[in-house]
Amino acid sequence: AQTVTQSQPEMSVQEAETVTLSCTYDTSESDYYLFWYKQPPSRQMILVIRQEAYKQQNATENRFSVNFQKAAKSFSLKISDSQLGDAAMYFCAYRRPTGANSKLTFGKGITLSVRP
Amino acid sequence: NAGVTQTPKFQVLKTGQSMTLQCAQDMNHEYMSWYRQDPGMGLRLIHYSVGAGITDQGEVPNGYNVSRSTTEDFPLRLLSAAPSQTSVYFCASSYSRQGYYGYTFGSGTRLTVV
């Protein structure tokens, strides 16, 4: 079974600075998808970024980018120019590519605070 | 607005009571699932469905039932509520079984069992 590990329960960053959130996963498969979700205090789950395992290029969405290291099974999220609105819980998630068992497996999450 | 609609947003139950959490999506998504979120535990899968008439158990299915009679609806039933079921529940759906698509989540239901 796939597992997703987020070992840092909390992190803090100064506004306008850069922060990196870590995530590792365990799988025996070569093809899969990885996601970062943001959960602000409103509780809504928001998709931040996705990475396809067969792509070597790291995904980027505006101020959010990932460092995908397939051999190391590592998938970190970098937030540049941090803003107060980035304060939230962030979840890393794994999904198999296809089939009935293509469910989303989540890490335990990390709470990010942004200092003004 | 297109999306996943969950009701109710908040609920308090007494131990032993039963209730149904409603979930509806209007995006014609095949894949629907229920998660529970507990502090320090992330989101854990309760049940999921890959299409109307097809459901299966996830990681923590005990105490919950589901059915999927239509593509749009995927209700979660608590048979006899227990304090251990106090949690935030999320319904989520996906366009297809293909992993490229992340999930669209409902806004969640905070359930307290006393």
Side-chain angles (χ1 to χ4, degrees), chain A residues 1-10 21 23-25 27 29-55 59 61 66 75 88-111, chain B residues 1 3-6 8-10 23 29-61 66 68 74 87-111:
Chain A
Q2 294 78 28
T3 59
V4 178
T5 301
Q6 295 178 255
S7 56
Q8 306 156 300
E10 297 179 348
L21 311 183
C23 173
T24 59
Y25 58 94
T27 183
E29 299 173 334
S30 60
D31 192 19
Y32 47 87
Y33 297 88
L34 297 166
F35 303 85
W36 278 98
Y37 278 86
K38 172 184 178 181
Q39 187 182 43
S42 67
R43 204 168 66 196
Q44 184 67 44
M45 294 287 288
I46 302 165
L47 177 62
V48 174
I49 199 166
R50 102 180 80 223
Q51 175 75 43
E52 297 151 77
Y54 63 86
K55 287 188 176 180
E61 290 286 345
V66 300
F75 181 59
M89 179 165 280
Y90 288 82
F91 292 95
C92 178
Y94 169 102
R95 190 176 189 187
R96 295 179 70 224
T98 59
N101 202 25
S102 180
K103 56 185 180 287
L104 208 54
T105 300
F106 288 89
K108 293 183 178 182
I110 178 170
T111 300
Chain B
N1 291 335
V4 178
T5 302
Q6 274 186 250
K9 294 192 184 305
F10 300 93
C23 176
H29 284 178
E30 298 171 331
Y31 204 98
M32 296 187 74
S33 53
W34 278 100
Y35 286 85
R36 61 176 288 171
Q37 181 180 9
D38 302 291
M41 302 294 290
L43 279 77
R44 294 181 292 169
L45 182 65
I46 304 171
H47 286 285
Y48 66 98
S49 168
V50 299
I54 307 170
T55 63
D56 205 348
Q57 296 181 350
E59 184 182 354
V60 286
V66 292
R68 183 108 179 260
F74 190 45
S87 187
V88 177
Y89 292 84
F90 286 96
C91 179
S93 69
S94 174
Y95 179 67
S96 75
R97 303 180 195 187
Q98 293 180 0
Y100 175 81
Y101 298 96
Y103 286 10
T104 300
F105 283 83
S107 57
T109 297
R110 180 174 293 278
L111 175 67

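First the proteins, then the strands, lettered A, B, ... as listed; each starts at 1.
Residues passing the ring pair (Phe, Tyr, Trp, His ring centres under 6.0 Å) test with A:F91, sequence neighbours excluded: none. Qualifying ring pair (Phe, Tyr, Trp, His ring centres under 6.0 Å) partners for A:Y32, counting only residues two or more places apart in sequence or in other chains: A:Y25, A:Y94.
Remark: A:R95 CZ to B:Y103 OH distance equals 4.5 Å, nearest 0.5 Å. Note that NZ of A:K108 is 11.0 Å distant from CG of B:D38, once rounded to the nearest 0.5 Å.
Ranked by heavy-atom pairs shorter than 4.5 Å toward chain A, the options B:R44, B:E59, B:M41, B:Q37 are led by B:Q37.
Cation-pi geometry between A:R96 and B:Y31 is not met: the NZ or CZ atom fails to fall both under 6.0 Å from the ring centre and inside 45° of the normal.
The shortest non-hydrogen separation linking B:T109 to A:R43 is N-NH2, 4.1 Å.
With a 4.5 angstrom heavy-atom cutoff, B:S33 does not touch chain A via any of its atoms. Contacts between A:Q6 and chain B at a heavy-atom distance below 4.5 Å are absent for every atom of the residue. Interface residue B:R110: backbone and side-chain heavy atoms are both found under 4.5 Å from chain A. Proximity to chain A (any heavy atom under 4.5 Å) is restricted, for B:L45, to the side chain, taken from C-beta onward.
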Begin with the C-alpha distance, continue with both residues' side-chain angles, and end with the deciding distance and a verdict on side-chain contact (heavy atoms from CB on, under 4.5 Å) for A:M45 and B:Y35.
CA-CA 12 Å; A:M45 294 287 288; B:Y35 286 85; over 6 Å; no

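Between A:Q39 and B:F90 there is a side-chain heavy-atom pair separated by less than 4.5 Å.
With B:Y48 contributing its side chain and A:K103 its backbone, the two residues share no donor-acceptor pair below 3.5 Å.
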